[in-house]
Amino acid sequence: MSATATNEYATMNAKRQFCTFWVAERLYGVDILDVKEINSECEFTPVFHAPTEVNGYVNIRGQIHLIIDLRLLLGFESNESPGASCIVLFKSEVGESFGVSVDRVGDVVEVEEESIESRSKEGPGQSKEAERQASGGDLGAGVCKLDDQLLVILDAARFLDAIA
Amino acid sequence: MSMDFGQDLIDEFVVEAREHLCVLEDELLTLEKEADHPDSDRVDRLFRAIHSIKGAAGFLGFQNVSSLSHVMETLLQLIREGEVRPESHYVDGLLEGTDLLGVLLDDVSKSNDIDISATHERIVDLLAKATSPEADAQMADISRCVDASGAPVGFNVDQFTLNSCPVDQRTLYVLKYDLGELQRGEGLTPATLVRRLLANGQILDAKLDISASSLTSDLSSQSLWYDVLYSTRFQEDEIAEPTGLARERITPVILESLSEENLVVDDAVPGETTVDELLEDPGETSADESESPQEATASAPSTSRSDDQPTTGQSKKSEHSDTVRIHVGILDQLMTLAGELVLVRNQQMLSLDRTDPVSRGISQRLDIVTSELQETIMRTRMQPIGNVFGKLPRIVRDLSKKLKKKIEIATSGDEVELDKTILESLADPLTHMIRNCCDHGIESPDVRKKAGKPEVGTITVRAYHEGGQINIEVRDDGGGLNAEAIRRKALQNGLKSEAELDGMREKDLHRLIMLPGFSTAKETTDVSGRGVGMDVVRTAIEQLGGSLDLESTQGKGTAINMRLPLTLAIIPCLVVGVGEHRYAIPQVNLEELVCLYDDDVRTKIECAGNQQVYRLRDHLLPMTRLNEVLDRPEPFTHQTRGEITETYRRLAEEQEDVGKSLTFAVVKIGSQRFGLIVDRVIGTEEIVVKPMHPALKSLPTYSGATVMGDGKVALILDIEGIARHAGIQFNVEQEVGAEQDFSDTYSGNETQAVLLFNNGQAEQFAVSLPLIRRIERIPADKIERVGEKEYVTIDGASTLILRLDSVLNVSPCEQQDEVFLLLPKHVERPFGILMSNVADIAETSADLDMTAYHEDGVLGTAIVRDRMTLFLDIFRLIERAEPNWFASRRSSSPAPERKCRILVAEDVPFFQQLIKGYLEADDYEVTVVDNGQQALDALAGRRFDLLISDIEMPVMGGLELIRRVRANMQYKDLPAIALTALASPEDRAKAIELGFNEYQVKINRETLLTIVSTVLGGKPSASADGAGQADGQAVLAQLSDMLGMLAARETGSETEANKQEVLQ
């Protein structure tokens, strides 16, 4: 969720749309305005020596993108069968040509601005990983109850800073 | 007044203003040269340039830029009027102004805070001196502009300004533009508007009404009035169209003479009044009458005097219309897309149904269009090198003044185009070189005069295409490099040891100036000796993927030649594979590829400490494995390297399967090299470089990434980063090398280049390449017979033909229409060896088998290309064919009572055999040793009559040897001849100085034997010491004659003394 998007929608107090996806059977979402495209390309060129969360480089129409493994970023185990994953690419305002790999993409969800709870501070005993998994931790922008499950909203602009 | 016009507009202004500044600088320099007859077109161009800057700056509220350009404009105006001759001090003032404008433009938003008073005053002073009374009078004659009804319109204009307009353009109007409306409607920027107006007339004055609105808000929603006093040739009924204004916004103007009293004049010193008036600051003009409402507030630019744009300006207008400014980002994006299009095309070609002619045709066209598109887009990044060259004359001019030298610069090839990035990075090194030329290269006028050169030194800068690269040559006709001074300096700064320097040719010495920490200037000057030198230039050029070469003749000048790639965006790379991934090694870093097979894989990679090494042609090459480097994110420690080395050593020892072959690339960083072991080599490819993602910038191992032909991403390796990461020890050479027995390694690995050829059916022959002058193809029917002998005319000389079958027991030459003639070097009479066929040039071991086949004239045999090959001794062959050619020498030296003993110190086996052969053929007893140390040992063991020594040898070189020989009482008088490949006068002098009696270039057989014969001629044998003393004088004379045969040589008392020694 970029700053401009927040302002615009906050003042209008309207609904917000999130692009949702599944990581380790949990539902996460990012502001749809931050997303450039979703691509099923998943042949990464590994970049040795790069932080472990980095999947590698991928070529999208001549432009090289850095792909971060969202599983690892959120503190889950790496996916054993990477063939099933998808990548979500972000707009350049969010960060220079990058994306994240997710297990599978969900629907676009529209929620009331008011129904988004700012992320709850968990007890100090919780690890960074657990916190990230539950509420996005330092990557999270809020949590929203959907009809049947919880949607953890992540702030894509913080992904790049979070690696290494 | 600071206004917010939007960054775009300001950026555009800065870019344009910079272009104008370039024009100013160029033209001013030329103007100065033709001060007596200034070219009016040139002055016009100058005037227009500064005028444009002034106009836009005033408009944008950059007062400092505006007022500075205003005074400059005024001065130029006087030059244009012919009031002032553009003499040096005026040009100085204008250049100073140009520079300051450049500084102001650097950070234009803060330009108003910079103090410009010094330069401003200087130009004002110049103006005061220049202003003639007549111009004063004209400028004092001020008219007020009124409309048809006589009401003032808010402008005044002086006669001087009016007179400067072309006569047919003196119809005046006041035009009222609403800039806000223009932008909303036509999207017209003020700059475009001004340009449009200048195309048809002159803007005499203009003011901006900023009272109406807050200028901080966007132009698009506000009205912003811009009043222009415009002089044009258009009449009232025509004016609407060129100005694009409605009738009511145009006011025809009538001039009404003003009496002096009506004007508000600053109470300044009377003598300066006119100048001040002329220069009235833009912000102050409003102090005038405030009849018109627009005038109530501060006005924008002050009086623009004149501009004869319209008629002559047509060409300029068209210049503008055929160029478009595009942001580099867009071009880069276009490049990317074109690259992707190439990929799509490739994929399409692969999936193509080749049997369908229609789709094949379409695909071919797509192919062509794509290639052309890519090429064209590449060209958008290209800029003429003239953009950089253009700055040089100014630098030279300033420096020559400062250094009190007379220097001219000439450039050529300005139109040669280079990638923008390269061009930008080229500016600094080039400037530095020019400074060097001025400071160190060109001598002061009186020194030049004494040297018989013209007082004015010339620097030529030339750019041209060659072999897909750009060559830039910077040449000066100055003093050249002083090899001796460089030598001293290198020694003093500890850059090279004395021994290393001794072995250097003059050209190598020259190249030393490109080492870091080198500066020959005795004192550091503020011109070029700032502790940085040519090494910075070299580094910069090499970073661009280019190379630098240097050539200098003392007293004549220096030439530096740079070779640069056309573009950086695409670089040639070697693509290698490790595991399933591909990596690119930039060609700049690549020296060669080595592949080991079978047993070599296990045995040839050795260990030196914890560093793996490979012995590549006598040099130990540190090795590292790319897979290990990639596997370990942490920089290698001592321990890591140990582990890796141990692992592979154990693998090798255990005879385990380490692969059938092993490939490594020899890569270099500057002069250091190491071997990078890869799994496989895929091929070379031109790749488009993309920078690493910012989040990964800190990784040292990669310099970028690229998209390969199949659409996948490959990483580009940063060789220097890998060397650092792997902690490669480059000093391994010295450490291990010292323990090696040099003589072994040398004799084992020495190679020589030979020409392989055939004569008859059977044999293959070889001749050492350095002995061959050239090969001539001759038709068989051109061979003429004289008795037994055959001749052919080559270069106008009758050349004797030697048939190998006539002197050697080999098969005769085959009958054919065309034969080849091998013309050897170092022969006094023209002759050639007949060949039926030239096979190849090969690199062979210098070790010859002397036993397998022995015949006089054959040095020995070796297996080359799986065939036994006879190595010919050309000189012996001639001697056998034409014994009487050599009769004179033989007879002149009477046969000695016993064989003279000669000690030959020579490391290269080939030359050992050659020299030994020559000498033994002349009946000397020869002992051959490999180096200086062995020579000393040999000398200690027995008596010799003569020492012949190579200069460059391992363990102990010839120079050190002769020093020790001369220092030893026992054999200090031993005659000695230096025999070497180094032929420069310096080397010769050095050798003679240290005690050699003679200095011979290798393989000049005849001269060598003659000298040996002469040196020994004075004393027939070692046992008859002193016997030749009586003949001392005669031999000395003879020796001098011999020396005359040699090329330039140093004569001096020292040499003379040495000759005396020979005769003791």
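Naming: A, B, ... by sequence-line order, numbering from 1 per chain.
More than 12 heavy-atom neighbours from other residues, nucleotides or ligands sit within 6.0 angstrom of CG on D631(B). Heavy atoms from other residues, nucleotides or ligands lying under 6.0 Å from NZ of K145(A) number 12 at most. Atom CD of Q333(B) is surrounded by 12 or fewer heavy atoms from other residues, nucleotides or ligands within 6.0 Å. For D147(A), the CG atom counts as loosely surrounded, since its 6.0 Å shell holds 12 or fewer non-hydrogen atoms of other residues, nucleotides or ligands.
For T706(B), the part sitting under 4.5 Å from any heavy atom of chain A is the backbone (N, CA, C, O) and nothing else. Interface residue L696(B): only side-chain heavy atoms are found under 4.5 Å from chain A. Heavy atoms closer than 4.5 Å to chain A are found in both the backbone and the side chain of H693(B). Looking at V47(A), both its backbone and its side chain come within 4.5 Å of chain B, counting heavy atoms on both sides.
Here the side chains of V629(B) and H49(A) are in contact, with some heavy-atom distance below 4.5 Å.
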Step-by-step side chain to side chain contact (heavy atoms under 4.5 Å, CB included) determination, R582(B) to T45(A): CA-CA 9 Å; R582(B) 286 168 297 180; T45(A) 299; over 6 Å; no

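Here the shortest heavy-atom pairing between A695(B) and L160(A) reads CB-CD2, 4.1 Å. Nearest heavy atom pair, residue V707(B) against residue I64(A), reads CG2-CG1, 3.8 Å.
With values rounded to the nearest 0.5 angstrom, F44(A) atom CZ is found 12.5 Å from H581(B) atom NE2. A distance of 4.5 Å separates CZ of F48(A) from OH of Y583(B), quoted to the nearest 0.5 Å.
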